[in-house]
Amino acid sequence: MAEQQLNAPARARHEIRRSPRTNPSGVHQVTEFQDPGYTIVGNHLTQHRSLSGLAIGLAAYIQSLPEGAPVDIRTLAKRFPEGRERIAAALRELETHGYLERVRQRTDDGRLVTLTISYNNPAATRARRARETAADAKRRTAVEPPRPSPGPAPTPTPAPKPPHVRTSSRPVRTETPRVRTEAARVRAEPAPPPPEPQPHTPAHHAPAAALLANLRRDDPRLLLSVRDIHRLTPPVAAWLERGASPEAVRSALTTGLPPTLRHPAALLAHRLTELLPPPLPTPQPSATPAPPPLQTCDGCDRAFRAPAPGRCRDCRHPAAERGAA
């Protein structure tokens with residue numbers, strides 16, 4: 001009997017790749033090369049603990065759209081299966097946490113339109129604006145060197161009288177009187193340093209002291225002693241009392257530090273005095289009550305005035321409107 005010949009190749013053995021972690025459960029990332037046309041989304045958005053899943057998805061979708069694409073509630077409701085109510089609530093979540101801003105603008109023909117601004121990193125945007133605000137305040141408060149004041153006009157020196165000549169046979173020696181032309185030296189006395197700002201109330205002393213103690217996290221060279229923190233707390237409290245946010249104060253104190261810092265407390269005191277923002281203007285009482293703020297309709301995305309978000313009059317009573325027409 002002839003021997004049996006196996007022509008078919010042996011079946012390949014499949015190996016199961018297990019995760020090197022001790023716990024094989026959980027997510028396993030399979031990363032592939034992305035073709036052109038992808039969006040970079042930060043983990044601060046995708047792993048946000050206060051945003052709902054719908055809000056995170058809408059934010060990622062809006063960031064992937066080109067400039068000028070419509071993102072009103074009606075357009076988003078046609079794109080996604082969620083209704084207008086849930087989409088409107090998700091957009092309000094994004095507005096609350098700074099990822100979205102809807103600005104009402106009036107066109108040349110008098111219509112109100114909604115401009116949507118999407119921020120892919122609100123914290124970085126706030127920090128950049130704080131640095132720009134501090135730089136503008138530093139430029140505005142820069143003191144120009146005083147111009148030299150014109151000195152008094154020199155007093156004309158009277159001409160000396162001719163000496164009296166004696167009519168004698170002896171030769172007479174004529175002496176010319178000496179005229180002193182030395183001007184009085186006026187020593188310019190240095191101007192006294194401006195006083196450090198002081199708050200009106202001690203309400204901001206605790207957050208001001210905490211802000212100064214945490215400056216070493218931004219730069220290890222800003223490690224202040226207890227005495228320096230106690231001395232610099234009133235100027236920082238004056239900044240907070242005038243409406244400056246803690247981020248703006250921290251940016252004004254830590255931006256543009258010199259490479260060699262010998263006296264950090266003196267540098268911080270100088271910046272707190274020279275870059276002090278002006279106080280907030282006192283609001284003038286208005287004779288007429290202010291109108292309700294502009295809201296975006298959850299139904300038609302139209303701007304209307306109401307004390308709270310919701311629907312406009314046309315969306316609340318559509319049947320009555322058609323009957324009256």
Side-chain angles (χ1 to χ4, degrees), residues 40-51 96-99 101 117 119-146 188-281:
I40 300 177
V41 182
N43 289 340
H44 53 84
L45 171 62
T46 57
Q47 300 178 10
H48 204 288
R49 294 183 177 273
S50 301
L51 289 176
T96 303
H97 292 86
Y99 287 94
E101 182 181 4
I117 304 175
Y119 298 94
N120 64 341
N121 194 344
T125 303
R126 288 193 297 267
R128 176 179 56 81
R129 291 178 177 176
R131 291 193 300 268
E132 293 175 355
T133 303
D136 293 341
K138 184 176 181 180
R139 286 194 295 268
R140 288 196 301 267
T141 56
V143 180
E144 297 182 357
E189 299 181 357
E196 295 183 353
Q198 298 292 332
H200 296 86
T201 60
H204 300 283
H205 279 202
L211 189 148
L212 290 171
N214 290 328
L215 288 180
R216 56 187 174 182
R217 297 182 177 179
D218 298 333
D219 196 323
R221 298 178 297 172
L222 297 180
L223 178 61
L224 303 177
S225 63
V226 176
R227 181 179 179 181
D228 293 335
I229 292 178
H230 182 72
R231 181 171 65 90
L232 297 176
T233 294
V236 176
W239 277 60
L240 299 178
E241 189 178 59
R242 297 192 176 195
S245 62
E247 290 78 8
V249 180
R250 183 182 298 105
S251 176
L253 296 180
T254 59
T255 303
L257 293 177
T260 303
L261 187 59
R262 297 182 179 178
H263 304 286
L267 176 63
L268 297 181
H270 173 74
R271 289 192 174 188
L272 290 172
T273 304
E274 295 296 335
L275 305 180
L276 180 66
L280 294 176

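Each residue takes its place number in the sequence, starting with 1. Computation of the quantities below employed the complete heavy-atom set of this structure, encompassing side-chain atoms and omitting hydrogens, waters and symmetry-equivalent molecules. Owing to the predicted nature of the structure, the values given are computational and were not obtained by experimental measurement.
To the nearest 0.5 Å, atom CG of residue L268 and atom CG of residue L261 are 7.5 Å apart. Going from atom NZ of K138 over to atom CD of E274 covers 10.0 Å, rounded to the nearest 0.5 Å. Interatomic distance, E101 CD to T125 OG1, rounded to the nearest 0.5 Å: 10.5 Å. For the atom pair CD1 (I229) and CG (L232), the distance works out to 8.5 Å, reported to the nearest 0.5 Å. Separating the OG1 atom in T254 from the CZ atom in R217 is a distance of 14.0 Å, to the nearest 0.5 Å. Note that NE2 of H230 is 9.0 Å distant from NE2 of H205, once rounded to the nearest 0.5 Å.
The shortest distance between side-chain heavy atoms of P207 and L240 falls below 4.5 Å. Using a 4.5 Å heavy-atom cutoff, the side chains of L276 and R242 are in contact. In this structure, the side chains of P122 and R126 come closer than 4.5 Å at one or more pairs of heavy atoms. Considering only heavy atoms from C-beta on, R221 stays 4.5 Å or farther from P264 through its side chain. For the pair H48/Y99, a side-chain contact is recorded, criterion being any heavy-atom separation below 4.5 Å from C-beta on. Between L253 and L267 there is no side-chain heavy-atom pair separated by less than 4.5 Å.
In I40, the CD1 atom is not crowded: 12 or fewer heavy atoms of neighbouring residues, nucleotides or ligands sit closer than 6.0 Å. Counting heavy-atom neighbours within 6.0 Å of R128 CZ, excluding the residue itself, gives a total above 12. Counted within 6.0 Å of NE2 on H44, heavy atoms from surrounding residues, nucleotides or ligands total more than 12; the atom is thus considered enclosed.
Among all heavy-atom pairs drawn from G256 and R271, the shortest one is O-NH2, 3.0 Å. In terms of heavy atoms, A248 sits closest to A130 at CA-CB, 4.1 Å.
Side-chain N/O atoms of D228 and S225 include a donor and acceptor closer than 3.5 Å. Looking at Y119 and H97, their side chains never bring a donor and an acceptor atom within 3.5 Å of each other.
A side-chain donor-acceptor contact under 3.5 Å links W239 to the backbone of L272. Under a 3.5 Å cut-off, the side chain of T133 and the backbone N or O of R129 do form a donor-acceptor pair.
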Inset, instruction - Report the C-alpha distance between N120 and V41 in whole Å, list the side-chain angles of each, state the deciding distance to 0.1 Å, and finish with yes or no for side chain to side chain contact (heavy atoms under 4.5 Å, CB included). - result: CA-CA 7 Å; N120 64 341; V41 182; over 6 Å; no

Inset, instruction - Determine, stepwise, if the pair L257 / L222 fulfils side chain to side chain contact (heavy atoms under 4.5 Å, CB included). - result: CA-CA 10 Å; L257 293 177; L222 297 180; 4.1 Å; yes

